[in-house]
Each structure stands twice: as C-alpha cells, then as structure tokens.
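Heads up: the structure comes next, in structure tokens.
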Amino acid sequence: MRWLGFDWGTHHYFASDYFEQLYHYAEELIEKDKAYICTLSPEAFKEYRGVPTRSGKESPHRNRPTQESLDLFRRMRAGEFADGAYVLRAKIDMSSPNLHMRDPVLYRIKRAHHHRTGDAWCIYPTYDFAHGLSDAIEGITHSICTLEFEVHRPLYDWILDNVSAPCHPQQIEFARLNLTYTVMSKRRLLQLVRDKQVDGWDDPRMPTICGMRRRGYTPAAIRAFCETIGVTKYDSTTEVALLEHCVREDLNKRALRRMAVLDPLKVVITNFPDTSAVEVDAINNPEDPEAGTRKLAFTKEIYIERDDFAEEPPPKFFRLAPGKSVRLRYAGFITCERVEHDPDTGHVAALHCRWDPPDTKVKVKATIHWVSCAHAREVEVRRYDRLFTVPEPTEDKEADFTAHLNPESLTCLKGYAEPALLDAQPGEWFQFERTGYFCADSKDSRSGAPVFNQTVALKDVRAKKG
RNA sequence: UGCCGGAUGGUGUAACGGUAGCACAGCAGACUCUGAAUCUGUUUGUCUAGGUUCGAAUCCUAGUCCGGCAACCA
C-alpha cells in the first residue's frame, strides 16, 4: 500500500486488538437476552436455519436462561469444551427472509493459534460480529466493502443497535474490480499458486499488487487506472487494455529508451571497414530532454530484429527486404544486397547490406533498431502474454477456469542488448525501442546480469494489420 | 419461484428534470529517425412498455435481464 503511494500514518488496526472488548459486547448481548448459547450440531443447525423460500425454526436452546448462557459462555472462553461443541448465537428472527438474520453465530470455539494473540483465546468472534464493532471502536464513519456483503448490512446494523457501541458507522458496498483475461478472486489466485501454474503470488503475470509491481507497473499508472474506472455498485469487468494504456502513458514519460534485439538476425555491412567502430549519439528519452543522450557503437556487423526483414515482403511492409532500404535508428541507412541462407535449413542466416550515412537522401518509411555484434550483451528477457486465452475465464460456471490458461503466457529468451542495459537496477524502467516497456526483475537480476520483464508491449499497428 | 442489489456505445464512467459528455478500444487521416508518442476526424449508447411533465437517463407504475445471499469463511 505504501508503494502504491498511500500513507495511513499511525492508523494500522487489527480486530484482534479488540478481542477483549468484543468479548464484553458479547456478554452484554447475553445479559440483554439478545444472544444465547446453542449446542445444535452443524447438521441440525443447517436444518433449523431453513432455506430462502422457507422459514427456519427456533433452536431448542433459544430460551436458555440468561445466567446459564452467561455461565456457558465464560466456560467456553475458559477452554472447558471441545472445538465446535457450543456456539454463541444472536437472538434475532428465525423467520427473517434474510438468512443472515436467522440467529447468526457470533462466537465459536476454535483452538487456533492466532498470529497476533497466540494461544490467548480458544473462542473467536465471527466476521459479522467483529466487523461493525471494530469499526465502531475505531470511530470510523463509513465502512466500505464489496457487494457480496449487502445482505450482511442488516446484521451489521443490528449488532451496533443492540450493544452500547460508541458510535454507529455505516457500511456501504461497492463492486469489486474485475479485469478481462484474468481472475481476481483470492480463492482462484491461490489455486494458481498452489498448483504451480504461476511462480508465486508475485509472479509478474498475477493481477496482484506485488505481481504488477514486479512486472513493472508503476504506482502512478495503477492510481490513474483506478481513477479512470471509478467506483460504482455495478458489477463490471474492465478491459485490461485500459490498464495497459495507463501503464504505457506513465512509462512513456519516465522510461529511458534503449535498444535491444530479442530475435537476432545478423547483418554484415559490406562497405564498412572491418575494424573501426563509429560512435553515434542516441536520445535517452524524447519525452524528457533532461534525460540527455548516450553514445552507441556502430560496427560492420550488427543484429537486427528477425521480423524486421522479409524475404518476400507482403504489401505495406515498410522494413527491410531484398533490394530495399531502411533507416537504422541514429545510424544511417542500409540497403539489402544479398540474403545468406543456412545450407541445411534454408532459413535466412545473415544479410549483406550496403550502408549510407545519415545525411544521405534516402526515402524510407521505416526505422529499425539494432545492436552492434561486438558490443551486444546477452540478457535474459521474459515476455508476458495474457494469463488466460479468453476475456472471462470464469464465465462458464460449470467448467474449470484453469482450462483457459494461456500456455504461452510466459516466454523466456536471450536478447542482445546495448551495453548500458547491463547496469540496470532492479525495478528500473526502460523502453526497448519499438518493442515495449521492460523492467529489471527485482528477484532474479544479478549485478551485471539483469533479467528483464516485459511490462507491456508498445502499441503496434503492424500486429493488427498483419 | 424468498431477500438484497444492479442496468447509459464494444468496455468503463459522467450528466440540480433542460444540448447524452469523457476515457479506452475500433475505424480513417496527418505527422514522425520508435509502424511508438503526438494531432485531427469518426462509427456505436440511456433494458422494455406505459405514465407525470413544456421537457425524463433522471420522477412514478409494471415488466425484462444480470449479479449476490442458504460456512461455526472473510
């Protein structure tokens, strides 16, 4: 939360800090004849509760004398009974159309070790009992929660109305955030983690804060996204495209530009001396003049992106092809004179190109990125695609959502990067020109050996139009 | 089929009862040493039927569709 940019000062609260107070509110309810101890078995309990269309019936223990309930409750706390043997229930209305008002459980015996209170308690309050009272103890005015708690609100209010709470906060429910091509429920995300479909909660493909952070999403981008989608009671599903837009928008302003070739194709420049390297100036960030420039070495042998060349270019292919020219970013032009094939596979092995300096009058429609072979550094690059292949993986309630997992959501590869990239600090953002935004992984990067996560790809009309 | 909630372009979100706007996505174009960014234009919408009103996304009535609720989970 702090990383996201929020500061809650000293207001860090735990319901467990109020266990003693909550216990006394429970005794107060018993003393007011508003709660009783019940020993119905879970099966009987369910039977007595009834169903939405049919009224429930009262527990035989409902009219247990106040003193007896009080005594039993104290003995529950003292640890005299086995787990689950007794529960404290509110005395409300077994015929209520709202199931949550049919004498809900307030306390149960559970010998569970608590991460803050240790073994001090063997009885614990239920969520419904602890929620409103904790809010009241903290003196908050509005308690924001998600839609599924709407039917709990009458109980929230009932509890606050029936004990001497310091104030009566208001619970207001809003829709949770849903995104296309992923799942957002903790239960489902946990399943992905447990089944090792992802590499932990902070896997960069996870829609968790730690996952998005590791992926390279910025706090400013996430905040901008949240402001754009707003807060309503409508159970909506936002397109990830909007999130990605917010991420690009922020990264475009702050990410330093670098060149890296992820799928290399060697180019030999025929009219270039064997030994010399020419230094060229490259702009670090055209959106931010303050970011300055850097020097890049240009040599006889370079790598370009394999898909920036087409032996048989389709219509509207603006890049390199036999006999055609392109501009090399910051380094003049090349014209493809010969294509060298691998004698075994027949695949393109290398290109032989003529070079013309930047001031040459050459009409080209494209500029491509490159890296000098002699200066290229190998780096690990992890590219991510959507975690699921369908917009709404849980749409079909019968089927298992994991059936829609995208087998190609992670692609690891070795790329050739310009030397400056070796100094990338974990968490530092870059734009690999013409490819996307990347972030040095905070877990797996080593000094001098960064691992890059693709945060989000650059928009690409080529991809859409083929 | 009981209770609670919701419905505005493809998506998300605005609009004291008074011109249905914004963003994303899409499409078309301009510009460009990133097919990025930027800029311009543009397609598409008030769930339905009645009613109140000079005027309804907004108020009323009825309906339709969608979501949630039957843990001693949160």
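First the proteins, then the strands, lettered A, B, ... as listed; each starts at 1.
Contact of the A:F73 side chain with the A:L88 side chain is registered, since non-hydrogen atoms from C-beta on lie closer than 4.5 Å. Looking only at side-chain heavy atoms (C-beta outward), A:V364 and A:F318 stay at 4.5 Å or farther from each other. No side-chain heavy atom of A:H131 sits less than 4.5 Å from a side-chain heavy atom of A:T126.
Counting non-hydrogen atoms under 4.0 angstrom, A:T435 reaches nothing in the nucleic acid. Within the 4.0 angstrom heavy-atom criterion, no nucleotide atom of any strand lies near A:L177. Nucleic acid contact for A:P154: none, since no nucleic acid atom lies under 4.0 Å from a heavy atom of the residue. A:F317 comes within contact range of at least one nucleobase, with a heavy-atom separation under 4.0 Å. When heavy atoms are screened at a 4.0 angstrom cut-off, A:L458 is found touching base atoms of the nucleic acid. Residue contacts for A:K365: at a heavy-atom cut-off of 4.0 Å it reaches no nucleic acid atom on any strand shown. At a threshold of 4.0 angstrom between heavy atoms, the contacts of A:P104 with the nucleic acid are absent. When heavy atoms are screened at a 4.0 angstrom cut-off, A:R257 is found touching base atoms of the nucleic acid. Looking at heavy-atom distances under 4.0 Å, A:Y124 makes no contact with the nucleic acid at all. When heavy atoms are screened at a 4.0 angstrom cut-off, A:R329 is found touching base atoms of the nucleic acid. At a threshold of 4.0 angstrom between heavy atoms, the contacts of A:E244 with the nucleic acid are absent. Within the 4.0 angstrom heavy-atom criterion, no nucleotide atom of any strand lies near A:R54.
Nearest-nucleotide assignment on RNA chain B puts the 5′-proximal partner with A:V231, out of A:V231 and A:V105. Residue whose closest nucleotide on RNA chain B sits further toward the 5' end, between A:R153 and A:V51: A:R153.
Judged by atom type and distance alone, A:E239 reaches the base of B:G10 through a side-chain donor-acceptor pair under 3.5 Å. A donor and an acceptor atom sit less than 3.5 Å apart, one in the side chain of A:H152 and one in the base of B:A74.
OP1 or OP2 of B:C73 has not a single side-chain nitrogen or oxygen of A:R187 nearer than 4.0 Å. Not one side-chain nitrogen or oxygen of A:K233 sits closer than 4.0 Å to the OP1 or OP2 atom of B:G67. Side-chain nitrogen and oxygen atoms of A:R108 include at least one within less than 4.0 Å of the OP1 or OP2 phosphate oxygen of B:C73. Here A:R434 reaches the OP1 or OP2 of B:G35: one of its side-chain N or O atoms lies under 4.0 Å away. OP1 or OP2 of B:U13 sits under 4.0 Å from a side-chain N or O of A:T232. OP1 or OP2 of B:A37 sits under 4.0 Å from a side-chain N or O of A:K459. Side-chain nitrogen and oxygen atoms of A:H245 include at least one within less than 4.0 Å of the OP1 or OP2 phosphate oxygen of B:C24. OP1 or OP2 of B:U13 sits under 4.0 Å from a side-chain N or O of A:S236.
Remark: the backbone N or O of A:P207 is not paired with any side-chain donor or acceptor of A:T182 at under 3.5 angstrom.
Ranking B:A23, B:U34, B:G68 by closeness to the A:T228 side chain, first place goes to B:A23. The side chain of A:N98 lies closest to B:C3 when the candidates are B:C4, B:C3, B:G35. The side chain of A:E148 sits closest to B:G68 out of B:C4, B:G68, B:C72.
Distance CZ (A:F318) to P (B:U32): 14 Å, rounded to an integer number of Å. The distance between atom CG of A:L40 and atom C1' of B:C72, rounded to the nearest whole Å, is 12 Å. In this structure, the CG atom of A:N178 is 17 Å from the P atom of B:G6, given to the nearest Å. Rounding to whole angstrom units, CD of residue A:Q431 and P of B:A37 are separated by 10 Å. Rounding to whole angstrom units, CD of residue A:E395 and C1' of B:U11 are separated by 14 Å. For the pair A:Q171 CD and B:C4 P, the computed distance is 16 Å after rounding to whole Å. As a whole-Å value, the separation of A:E173 CD from B:C4 P is 13 Å. In this structure, A:K363 places its NZ atom 9 Å from P of B:U32, rounding to the nearest Å.
B:U38: Watson-Crick or G-U partner is B:A30, with both key distances under 3.5 Å. In this structure, B:G21 forms a base pair with B:U13, meeting either the Watson-Crick or the G-U wobble geometry with both donor-acceptor distances under 3.5 Å. Figure legend. B:U1 is base-paired to no nucleotide; pairs are counted as Watson-Crick or G-U wobble with both atom distances under 3.5 Å. Nucleotide B:U64 has B:A7 as its partner under the Watson-Crick or G-U criteria, with both atom distances under 3.5 Å. If you check B:U58 for Watson-Crick or wobble pairing at under 3.5 angstrom, you find it has no partner at all. Pairing of B:A71, defined by two Watson-Crick or G-U wobble distances under 3.5 Å, is not identified with any nucleotide.
Nucleotides B:G12 and B:U46, compared at atom P, are 16 Å apart to the nearest Å. Distance check on atom P: B:U52 versus B:G45 gives 28 Å, rounded to whole Å. For B:C59 and B:G17, the C1' atoms lie 8 Å apart once the distance is rounded to whole Å. Here the separation of B:C54 from B:A62, taken at their P atoms, is 24 Å to the nearest Å. With both ends at atom P, the span from B:A36 to B:U32 equals 13 Å, rounded to whole Å. Rounded to the nearest Å, the gap between the P atom of B:C73 and that of B:G6 is 29 Å.
Side-chain atoms of A:R102 and A:S96 form no donor-acceptor pair, as typed in the model, at a separation below 3.5 Å. With no hydrogens or angles considered, no side-chain donor-acceptor pair links A:E418 and A:H375 at under 3.5 Å.
Between A:Y234 and B:A7, no base-stacking contact is recorded for ring centres under 5.5 Å apart and planes less than 30° from parallel.
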Query raised in the report: Do A:Y217 and A:F225 pass the ring pair (Phe, Tyr, Trp, His ring centres under 6.0 Å) test, and can you show the C-alpha distance, the side-chain angles, and the key distance before you say yes or no?
Result: CA-CA 11 Å; A:Y217 288 14; A:F225 170 69; 9.2 Å; no
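In this structure, A:R258 forms no cation-pi arrangement with A:F432, as its terminal cationic atom is not both closer than 6.0 Å to the ring centre and no more than 45° off the ring axis. At least one test fails for A:K110 against the ring of A:Y124: distance under 6.0 Å to the centre or angle within 45° of the axis.
Put simply, the residue from A:W370, A:F333, A:F298 that forms a ring-ring contact (aromatic ring centres under 6.0 Å, His included) with A:W355 is A:F298.
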